[in-house]
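Nothing here was measured: the structure is a model prediction, and the numbers come from that model. Values below: every heavy atom of this structure, side chains too, minus hydrogens, waters and symmetry copies.
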Amino acid sequence: MKENLNNYHVHTTWQEVLNGISLKDKKYLITGANIGLGKESAKAILSHDGCVILTVRTEEKKQTLYEELISQFDSSLFEIRLLDLASLADIRRFTKELQLESTKLDGVLGNAGIMATDFKYTVDGFEQQFGVNHLGHFVLINRLTACLLKGARIVMMTSGAHRLSNVDLVDPNFNHREYSRWTAYGQSKSANVLFAFEFDRRWKDYNVRAFAVAPGIVLDTNLHLHLQHDDFNELAEKQDTDKVPVKSLQAGVATQIMALCHPEFANKGGIFLEHCNYSQVNGDTRQGTGVIPWVLDTEFGKKLWQLSEEMVNEVFPETAKLAYEISYGELAHNRLPQSQKLELTGIEFKTEDSIIEMFFEQETCTIEGYHHPEVSIPSIANYELIEVRDNLFFVDLLFTENTEITASIAIDFKTNKALFVLTRYQPASTPDQNAPIPLKLASNYQQYFTPAIVLTGNHQVEHSQYPHITKDLIGSRSLYCYSTSIPTVYEHIYINSHWYCYNVINGIRKGDGGCDRVSYYKFDDSIYVVTWRELLIDLSFVFVYDLDNKTTTGKGWGNLSDVNKMINIPAGAHIISLNSLNYPLNYIPT
């Protein structure tokens, strides 16, 4: 660990930490913001032009805080919301509201907490310090991943008191062991560190990082006001805090503001900070500073995560995705179900210059005769099958031997037509993640189209025709409803043979819009295959349009993360036709 950080020290204030730093266009969430460290952290951010969502427990506290902040800051920079971290139902209400509003956050400061309280259960049956300090933030932050931007930071407030007790994984609620207010507090503060480090481990590949911060002894808070003098006797027996310096409120919040906002900690995480510096490992529980070794145990952190999921009855898997991936996960809500109708079936196709044979097992299929002069296409693929309507299928192929390509196939046994769409990822250069998004007129994807006739079971081969490029959809305008529970609606306008426009009407990407490269193939007057290659977002899409039943079924595929990971995105929507543009004869788009 580093011994010093920019000459910061125990009495460094947040004014010094943020000197010369602008937080304009940044937005943060702070829990427990009506008093003490939370309120002072909000003022630090607001004074540097950042935006803040502050949470408090009661209307009275909300009004009092509003009156104080409005006298100092522009009301457009902050909003105050009610949140009770002692209630899982209220946490879920709160997070659902933020998701529905498409809130985007640059960071979360888990500041709310209670200290050394009398024994009491939350409404959900948790010992209240463990329930509020740890489990409340555990559910809150995990449910807010849909709102986190790349580069977001999570800061969990812990304490030197984490050194009083590790988490008892067998009896965290003190159902069987004797209750100690300070042991319970230490347990909850150790849980805060373990959660921050495990969250960081799970999310660092997506450039969302987490920190644990101990503020030190700050008397200008309300944490200790309920305690009597004798209540500190047990603490004095367990830990010597006489040598821990007492800080001002401005110095007390400096470390958490540094972790949340300072450029020094961009792309860093899994760090314990105190006194505006990296904390040193200290195994002596009698001392009041340093990080205790038990919170550095990664395997123990995983066990606490699993226990926490069991206690709150909600799973937050390690495969969870960030906002940009979750937003695309919404595209699958109205997708048609998978089908097994082609299992153990062989199909033969005729293209203009070859015969393609496919045989479908339960999860994989073999492909013979499907070639491209520039691309190596493996003969075995994992597949997913969707029955779009009777005798019309969409097949999604993923190749484990070549992850730079994917293929989609539309097969219509009624018209005896099929279309193979091979998508290849081939960026011109590795993008600079720190550079502004460039204006591009070319995608990082190429799509190659192979029209085919279905030979299997087809007695009309002589009269069958290949699917062909069409201009039928040019000028049409429709809404595509991908999700109804949390409405995700895109508007498409097909403007010519090469481009279409999109406008995100509702959903996490609400307000986005642009133009992308498009291709259209026609099977009959109601069946089309439409594909596009996005420019600003590194994605490609293939859809089968069933205009009779007003549905679209397909997939997206692309490189969405900083770890060069190709993501497959099942998708499907209900189509609402709006209108079709009528062009003068001299101005028909081509």
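Using a distance-only test at 3.5 Å, with no hydrogens or angles considered, no donor-acceptor pair links the side chain of E401 to the main chain of I380. Side chain of R153 to backbone of D106: no donor-acceptor contact under 3.5 angstrom is found. Panel note: side chain Y383, backbone E361; a donor-acceptor pair is recorded below 3.5 Å. In this structure, the side chain of N382 does not engage the main chain of T400 through any donor-acceptor pair within 3.5 Å. A donor-acceptor contact shorter than 3.5 Å links the side chain of D516 to the backbone of L535. In terms of modelled atom types and a separation under 3.5 Å, the side chain of K104 and the main chain of L149 share no donor-acceptor contact. With D200 contributing its side chain and A196 its backbone, the two residues share no donor-acceptor pair below 3.5 Å.
If you look at F349 and F420, their ring centroids are closer than 6.0 Å. Aromatic ring centres of Y490 and Y482 lie closer together than 6.0 Å.
Taking 4.5 Å as the limit, every side-chain heavy atom of L88 sits out of range of all side-chain heavy atoms of E314. Here the side chains of P467 and V529 are not in contact, with every heavy-atom distance at 4.5 Å or above. E343 has its side chain out of reach of F360: every pair of non-hydrogen atoms, C-beta onward, lies at least 4.5 Å apart. Within the 4.5 Å cutoff, the side chain of L29 has heavy atoms near those of the F94 side chain. Inter-residue side-chain proximity for E309 and F138 is flagged as met; some heavy-atom pair is nearer than 4.5 Å. Counting heavy atoms from C-beta outward, I405 and L422 have side chains that approach closer than 4.5 Å. Counting heavy atoms from C-beta on, the side chains of R424 and E374 come closer than 4.5 Å. Residues F199 and T145 are in side-chain contact: their nearest non-hydrogen atoms beyond the backbone lie under 4.5 Å apart.
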> Which is it for T488 and H333 under the side chain to side chain donor-acceptor pair (under 3.5 Å) test, yes or no, and what are the steps along the way?
Replying inline: CA-CA 9 Å; T488 301; H333 290 186; over 6 Å; no
> Are S577 and K550 close enough, and set up right, to give a side chain to side chain donor-acceptor pair (under 3.5 Å), and what steps lead you there?
Replying inline: CA-CA 8 Å; S577 298; K550 298 295 184 182; 2.9 Å; yes
> Does the pair K27 and E101 meet the rule for a salt bridge (Lys or Arg N to Asp or Glu O under 4.0 Å), with working shown?
Replying inline: CA-CA 14 Å; K27 178 175 262 189; E101 294 165 11; over 6 Å; no
> Should H134 and N192 be marked as a side chain to side chain contact (heavy atoms under 4.5 Å, CB included) after you check the CA-CA gap, both sets of side-chain angles, and the distance that decides it?
Replying inline: CA-CA 6 Å; H134 169 58; N192 289 149; 4.3 Å; yes
> Please walk me through it: do D548 and R389 pass salt bridge (Lys or Arg N to Asp or Glu O under 4.0 Å)?
Replying inline: CA-CA 10 Å; D548 280 348; R389 68 183 191 193; 3.4 Å; yes
> Passes side chain to side chain donor-acceptor pair (under 3.5 Å), S443 versus R533? Steps please.
Replying inline: CA-CA 6 Å; S443 170; R533 296 144 313 265; 5.8 Å; no
> Going through the distances and angles, do N549 and T551 end up as a side chain to side chain donor-acceptor pair (under 3.5 Å)?
Replying inline: CA-CA 6 Å; N549 292 313; T551 63; 5.6 Å; no
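For the residue pair T351 and D353, a side-chain donor N or O sits within less than 3.5 Å of a side-chain acceptor on the partner. Side-chain contact of S354 with H371: a donor-acceptor pair under 3.5 Å is absent, judged by distance alone.
Ring geometry, Y445 versus Y425: the interplanar angle falls from 30° to 60°, so the pair is classed tilted. Below 30°, between 30° and 60°, or above 60°: for Y480 and Y545 the angle between ring planes is between 30° and 60°, a tilted geometry. Aromatic ring pairs are classed by plane angle as parallel below 30°, tilted from 30° to 60° and perpendicular above 60°; the pair Y448 and H372 is tilted.
Expressed to the nearest 0.5 Å, how far CG of N267 lies from NZ of K204 amounts to 13.0 Å. Interatomic distance, OG1 of T423 versus CD of Q447, reported as 4.0 Å (0.5 Å rounding). For the atom pair C501 SG and I495 CD1, the distance stands at 4.0 Å (nearest 0.5 Å). One finds the CG atom of L539 at 4.5 Å from the CD1 atom of I569 (value rounded to the nearest 0.5 Å). Between the CD1 atom of I576 and the CZ atom of R477 there is a distance of 11.5 Å, given to the nearest 0.5 Å. Distance OH/Y502 to CD1/I493: 13.0 Å, rounded to 0.5 Å.
Smallest separation of non-hydrogen atoms from E387 and L336: O-CD1, 3.8 Å. Between T103 and C147, the closest heavy-atom pair is O-CB, 3.1 Å. Across N496 and I474, no two heavy atoms sit closer than the pair C-CD1, 3.7 Å. Nearest heavy atom pair, residue F543 against residue T552, reads CD2-OG1, 3.1 Å. When all heavy atoms of L398 and T406 are compared, the closest pair comes out as CD2-OG1, 3.5 Å. The shortest heavy-atom contact between Y370 and A407 is CE2-CB, 4.4 Å.
A salt bridge does not link E384 to K555: none of the charged nitrogens lies less than 4.0 Å from a carboxylate oxygen.
Taking the ring axis of W305 as reference, the NZ or CZ atom of R202 stays within 45° of it and closer than 6.0 Å to the ring centre.
Paired with F541 under the rule ring pair (Phe, Tyr, Trp, His ring centres under 6.0 Å), one option of W532, Y500, W557 passes, and it is W532. Only one option out of Y466, F449, Y528 pairs with Y521 in a ring pair (Phe, Tyr, Trp, His ring centres under 6.0 Å); it is F449.
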